[in-house]
Amino acid sequence: MIIATGNHAVSYGVRAARAEVIAAYPITPQTQIIEKLAELIQSGEMRAKYIRVESEHSAMSACIGAEACGARTFTATSSHGLAYMSEMVFWAGMGRFPIVMAVVNRTLAPPWSIWNEHTDMLAQRDSGWIMMMCGSAQEAHDTTVMAYRIAEDERVLQPVMFGLDAFSLSHTAENLELIDQEVADGFLPPLNPESLPVYMDPDNPVTFGNLLGPDKMMEFRHLIKEAFGRAKGVIEEAAKDLSNATGRKQHGLIEDYRSSDAEVVILAMGASSGDCKDAVDILRDEGIKAGMVRVKTIRPFPGEEIASSVRGAKAVAIVDRDYSYGFGGIIGREAASYLSKKPLNYIAGIGGRDITVEDFRKIAEDALASAERGELGIEKWWGMRGFEG
Amino acid sequence: MIIATGNHAVSYGVRAARAEVIAAYPITPQTQIIEKLAELIQSGEMRAKYIRVESEHSAMSACIGAEACGARTFTATSSHGLAYMSEMVFWAGMGRFPIVMAVVNRTLAPPWSIWNEHTDMLAQRDSGWIMMMCGSAQEAHDTTVMAYRIAEDERVLQPVMFGLDAFSLSHTAENLELIDQEVADGFLPPLNPESLPVYMDPDNPVTFGNLLGPDKMMEFRHLIKEAFGRAKGVIEEAAKDLSNATGRKQHGLIEDYRSSDAEVVILAMGASSGDCKDAVDILRDEGIKAGMVRVKTIRPFPGEEIASSVRGAKAVAIVDRDYSYGFGGIIGREAASYLSKKPLNYIAGIGGRDITVEDFRKIAEDALASAERGELGIEKWWGMRGFEG
Amino acid sequence: MITLKDLPVEEYYLPGNAACSGCASALSTRIALKILGPKTIVVIPACCASVIQGYYPKSPSKVPIMNTAFAATAATASGIVAGLEVKGRKGITVMGWAGDGGTADIGIQALSGAAERNEDFIYICYDNEAYMNTGTQSSSATPRGAKTTTAVMGKGERKKDVPEIMIAHDLPYVATACAAYPLDFAEKVSKAMKLKGLKYIHLLSPCPPGWRFPTEKMVEVGKAAVMTGAWILYEWEGGKYTLTGPSKGLIDKAKRRPLKEYLAMQGRFSKIPEAEVEALQRDVDSKWEAMKKKLGA
Amino acid sequence: MITLKDLPVEEYYLPGNAACSGCASALSTRIALKILGPKTIVVIPACCASVIQGYYPKSPSKVPIMNTAFAATAATASGIVAGLEVKGRKGITVMGWAGDGGTADIGIQALSGAAERNEDFIYICYDNEAYMNTGTQSSSATPRGAKTTTAVMGKGERKKDVPEIMIAHDLPYVATACAAYPLDFAEKVSKAMKLKGLKYIHLLSPCPPGWRFPTEKMVEVGKAAVMTGAWILYEWEGGKYTLTGPSKGLIDKAKRRPLKEYLAMQGRFSKIPEAEVEALQRDVDSKWEAMKKKLGA
Amino acid sequence: MNKAKTGRAKVALSKPSEGASGLTGLWRLRRPVIDPAKCTKCHLCWLYCPEGAIARGADGAVWMIYEYCKGCGICSEVCPSKSISLVKEG
Amino acid sequence: MNKAKTGRAKVALSKPSEGASGLTGLWRLRRPVIDPAKCTKCHLCWLYCPEGAIARGADGAVWMIYEYCKGCGICSEVCPSKSISLVKEG
Amino acid sequence: MFVEIRLHGRGGQGIVTASEMLIEAAVLEGYHGQSIPTFGAERRGAPVVASARISDREVRRHGQVYSPDFVAVFDPLFVFRKEVTEGLKEGGTLLVNHRQKPDFPQFRVIAIDATKIALENGLVVAGWAVVNTAMLGALSRLLGMISRRSVEAVVSSKWKGDLGSKNLKAALDAFEGVVA
Amino acid sequence: MFVEIRLHGRGGQGIVTASEMLIEAAVLEGYHGQSIPTFGAERRGAPVVASARISDREVRRHGQVYSPDFVAVFDPLFVFRKEVTEGLKEGGTLLVNHRQKPDFPQFRVIAIDATKIALENGLVVAGWAVVNTAMLGALSRLLGMISRRSVEAVVSSKWKGDLGSKNLKAALDAFEGVVA
Ligand SMILES: Cc1ncc(C[n+]2csc(CCOP(=O)(O)OP(=O)(O)O)c2C)c(N)n1
Ligand SMILES: Cc1ncc(C[n+]2csc(CCOP(=O)(O)OP(=O)(O)O)c2C)c(N)n1
Ligand code: SF4
Ligand code: SF4
Ligand code: SF4
Ligand code: SF4
Ligand code: SF4
Ligand code: SF4
Ligand SMILES: [Mg+2]
Ligand SMILES: [Mg+2]
């Protein structure tokens, strides 16, 4: 048992996964991840090549190039870095390069803000990446290793990104059990170049990426759709296998917490889900049947899984730390498209404001009261303060 | 009455709107727009400055800079160009710069494809931009002028982007009535620097964009949310005013076509909505009560408007020329989150495949049949071909 | 010196590709691959060279091509070099092949970054002096006076000097070349192939539709660029400039043909005012003066 | 020559800002704005200079600041110049103020583009030789041998020479400066202000926490950079190089202090092997040799 | 398709082939015709053909691969012995 | 707020003010103290103070604005007459 | 009235221009029109297609033309390529630029030697006979709803001076000369 | 058992390190811990805050600490700043690095001269007394659940050699010297 920040937990996960090429560009609050990796590599503790690229666009481009030569690759970024590399994020997704990327979730400017918000990562949700979200440093560590297993699974072969809340997870040091190297090696076989969709080999020369007319593009894109369909099973399988290998319960698509008999279920995501659990326990102690469902995987979106977990509840409160202007909370609305009863959507924690245990407790109460009044399908900005900006 | 491609219709719209700074970077199939503008400017037919930037990221950055000095600005791009400027798209949205941008919708690579798909623009849907989609060259022209009115309205003050289907609209020449310059000037007052959220003026020096902690960010973001709330009314108002000024029916949020009594309603978007209308007429002739609702505005999303338009239908068929992998058709799922009855989602035209009149006819029939079998909430990839790629 | 006889008969870039008739870039790809041989991986961003490959499921290339995004050539190549290295895959040459837009404009960040890291690959910019793939818009490498669809009266600014910019990066090898002199070009590719680190070659590629001249004049136009001194053939290595090919004989202004002969061959310079021609001639002369200094001549 | 007396007493960048104690960049902002005066618009990308402004709703700046994205300084400034022009707003100076990372790495594309278009603004790169705002990661401007959090054994590659790269763009004015010589810097800003087109100044900015030296030594460290010849003060205008300030007297190697004095003052070079020091000294010497050639000396 | 069914991933990869863009000889308006009598076998035409559409025989003779020759006329221009003439097609 | 309510758009704009980051004098560990007797009024300390925390009187005298002086010590180093000493705070 | 037309030619031969001029002429006659290039990465010389629609009501659809009423083949060499007649309605009109009339029993086949008309009128650019105005003239005549005057107006507004009169002459020669 | 702690100091004073070492020590004692920096753009010398949690069960929540049980003030100058005692529970412990005990009747106030301990042990960097190990020692002792041995283990694993023994000595001096 050691103590490590969420960021360092990721770096150690990358080491356990034996990533071979790391191309990354610094950005607060991701820097710890790559600084630790640079240190591990330069001190000889880890065998990998670190490419000091000049931007995130180049970071992802370099990862794509390296992956195309059979190397296991890693990058990490945040907010503006992710937006700046967006073109290449799509390139990796549509080109099916099984790259793994950590995203420390941070608010997009202007004005400059380095604090927690999930919109940065969610804005890439159409890019053909598997997307996950961690709830603790331990999970960040475990998810890093799991991400490679999922990405490189022959049934999937899509890149994986996973999120860490800025500071509250990225910089918070917590108890961490490292995955033994042997356990990691058993769980995650070496990358087989033969299995890669794109492999650059002069002995078997192919051209990747030249024009494809409307005659076949749709069929190739459908293959990606199918891969995402299979990914659900692969994710659950990877979580089960890693649970067995580590003795720690790993979550795949969603995490259910006391939701089976709950009257009010909060749908939460990220590090604040822990605060939500504490709130659920308090509510239960107060006699209110509360429960939580946590979105661990965002793509493929676990719509059916969420729907079945909240089926019995009177009120579903979806808490979004993100927003799509002119639409609503992204998880809130995406989940709503699967639910027969309209949920309540709480927009909270925008721009880095904390969502506390107390907030979750009140949200649950508010949702129950709203449901009793028959007020569903409403969006509420939670925790707004007086504003005389 | 002249004949012009959708692209040129936009260029003429930009001239009618008296844009003052144009910063753009070429990309197929957008080039016609900016080539025509360069020609109009260099031949002296239009008073504006054309900045020959070195990338789309710089194009949007330059527009932001110019807008901050009180100039009306324009840019146009497509697919990879849009993805490459994504960081600055958010910058313009969150910074509330009322820029107008035309997006010629094109498939994102790899592999390279220059053909029609809407995913490129939809991928920017969280960026704080008003988003619209044109159905004809005439509408592209009219919408260009309308876009400035909406963007610069003091109740809104957010940037506006609007889409044109690659080739089928961008390069297709059609009948076009130009808006008279006087009509345009009456409809669209000059940009008032006083009204700009950000105005760089040494006589009244402010710093734009420096750090904002979690103490106030949420409140500022809520202002944007409110602006989008008001935008719905502003859009309808602009459409009405421009209808009156031009004598042409302009659509604001949605367009209803024979949907009021329809048993099956197709939700369509973009240039193929015309094909859909033809299909509706054919179906009606065959005795099938079909109708269409067209999504003209994507942000703010006209969820309630759609819901009320399709309320009576047995089957709602949402046709998406876009896809969010691991989730579904974007419009399909977004609309579903507002509908009480689950729609059917048809994924069609991916990678530039045509969606023909016949396709729409069959989709309507398929949707009706599915609804009768009670099979709702299903996604179907439409028009898939044998695949031995 | 590489002679015609040294070039293998085998083609690595096959006929029946989608290049325009008379394309200098297609010719040069052919030549470069003859030198580099089959153990090569080519990285190509959006540009004519990506379209020349034609449609899936066929490609004219007998060596693997990694197409990449417009801005990403040098970064993708850096990744490939790293991937080959960590996998212990030796003896493979990596070549970036990009247009002037993809090099001088949107791609310069990645190129400059790779240059500073001195990544081990060859970067060749085939310069047709505009965005040709999208239909002849001005790039920063478009020469002053040339008409494009975004500079209908001719471009006002001078051509960005990318080879000089790359020399300022202090690379192991920088050279200019011209498609009309394939053996000179081949020689430079061959030299680059033997060095470690980032080697940069800037290749002038006359483009019949973009420059508006008849296809059969491609070589003549390219030669005129060199013989008028508008384009100087040189190498830079270890801080030293060396003129190559016919440029060697052109230090003396009298030996150079008047620039207007070159301009007159091309539609993009049609109707260019006499004063502008003189200004352009002065640009050429002063470029040579600067070159003389650099040569220490 | 600008003297201390020529500097206005008025401060345009107010005390109580968020710069580290002893920050050379903060000092230089102060000086630059004294020269440029109130009719200035400043564009700043992500970097220390954006954080130095502190939090909303306050700013230390008495002139308007347009913060922009990390890669966007020169493009945003281009837009501002265009906006002012079309609106007929005359007499306003536009200045881009960016770090070495925002200039040499992620920002070089926009800068190179604006340079080729010769946009009418002043671009100042304050070079603290690493990504300081994010905690001292290597940039391409980090010198060889310096330790950073991403080069824990010291950086292996040489510092990218951005002023030379900008000279290769053939700008109206390029100069280097050092924060330890504020009057020399002020002179250059003042010169730049009077010229049209893109003027580039590259300012070495010693950074106490990043270079690891005590805050009070900032000026001494900066002077040592110049006096050892590690950093050369010069101007380039109309194709001509001119040394300025103390660098004028340092052509003769004997006049230059040994590089190791400069290195020894800074924690980032601690425990640097002797052989590496010699190599770095050779780099300095050869840079001066090259400079001599350029000077025609 | 089988591979896709069994879950093997797939992206579009193109294979090297002559005529990747079809029989580009069809694009030709003028056909280059060699006069073997004049030809000195210098191979400059081969060197300069952008298309690689000139073949060389063991004896050094050259001929056009008309399936692909686009008729640019460069070979004719560079031939020192003026052995290649351009003949209008169609 | 009023403005926002009536629909007037608003982004965060910061206004120029001293002490934008608070009383940064609090950060100081050492206080620079001038000995007016030694001072020659050369103003080099004023020139070099990164903070602009040295004021100049009409008579040329200089003094520290301790609310903001961060105590870097540069003034003391650059003073040619050694008039500025650094005194430990607290 | 709703007519769909498809044009076959080579990149560089001006079929997109011809199709746009065609609908411009139709618009002058009071119709609605639409000209649709199929756009690829095709280079000069490679086969290309464009389509057009003419209607008395607004043309709302934007899909390609799959079952044309008229097909015009600009390049003599292309006459027998199979994509040329693909989808052409039975009894539809096939206008070919050819010296003699090819045999397609299921269609109304009309031949015009547009190349000759072009050459006669000195319409040659970079070795290419510029046939698009001649083809425009012939096609307009065959469509029936476009008057000689509209063809004249469209061609004259497109090119001025010597080039204008050459093109106009070619278009009208074809308009008059085409034999249905 | 669930304890929340908040640390106040200046940027550069090592409060994040101290808080991490604190929970490392707690972990050695078998507890779960969490160390949370509040991160801003603060520079060396500016006021900064960190928090920590120690619990016998997994710490799930990730929000800031708003109502600490313990507050430790690393900088003598900060003792009377109002944010320092904000939210501190009534009867909560306020540990201050100060020569004498300030008066806060509603809290258990403990003073320790950590600066002196640091100086005595030669812990000075760039003019700064490095007080974090001394404060760690004192705080550990006051928390009650952390043994001298764990403090020793954590400090020794962090620094080696001379620096290690100086820091260890400071931590233990404070551990022993703090008077509750
Ligand atoms: C981000 C992005 N912007 C724009 C484009 C469109 N685009 C593709 S190729 C091209 C022109 C390339 O010019 P150059 O690099 O000079 O090569 P050339 O086509 O002239 O051979 C452009 C603008 C793109 N693919 N991606
Ligand atoms: C696209 C993007 N990538 C990364 C960052 C994170 N970032 C902000 S400032 C900075 C370092 C800036 O370095 P430099 O330009 O040298 O200025 P300095 O901080 O050293 O003054 C970085 C990496 C960002 N804001 N945006
Ligand atoms: S446009 Fe020019 S460079 Fe591009 S393929 Fe054609 S000839 Fe070659
Ligand atoms: S880190 Fe360096 S450059 Fe940045 S504010 Fe501090 S002293 Fe200045
Ligand atoms: S005409 Fe051109 S393509 Fe044909 S053989 Fe000659 S050079 Fe080659
Ligand atoms: S260039 Fe002429 S002489 Fe030489 S091989 Fe070809 S045809 Fe023969
Ligand atoms: S110590 Fe530093 S901040 Fe304070 S007055 Fe002197 S120079 Fe200025
Ligand atoms: S530097 Fe010294 S002598 Fe000069 S004004 Fe300041 S205190 Fe006086
Ligand atoms: Mg080009
Ligand atoms: Mg820096």
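All chains are named by letter (A, B, ...) in the order of the sequence lines, taking the proteins before the strands, and each is independently numbered beginning at 1.
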- Message: Measuring from atom CZ of D/R117 to atom OG of C/S138, what distance do you get when rounded to the nearest 0.5 angstrom?
- Response: 12.0 Å

- Supply the atom-to-atom distance C/E116 CD to D/T142 OG1, rounded to the nearest 0.5 angstrom. 8.0 Å

- Task: Quick one: pull up CG in D/D170 and NZ in C/K287 and give me the separation to the nearest 0.5 Å.
- Result: 10.0 Å

- For chain C, find which of D/G239, D/S140, D/A290, D/A115 contributes the most heavy-atom pairs closer than 4.5 angstrom. D/S140

- Task: Would you give the length of the straight line joining atom CD of D/E164 to atom CD of C/E164, rounded to the nearest 0.5 angstrom?
- Result: 8.5 Å

- Residues, nucleotides or ligands: over 12 heavy atoms within 6.0 Å of D/K260 NZ: no

- Shortest non-hydrogen contact from D/I108 to C/S112? CD1-OG, 3.6 Å

- Message: Heavy-atom pairs under 4.5 Å with chain C: which of D/V162, D/I106, D/D105 has the most?
- Response: D/I106

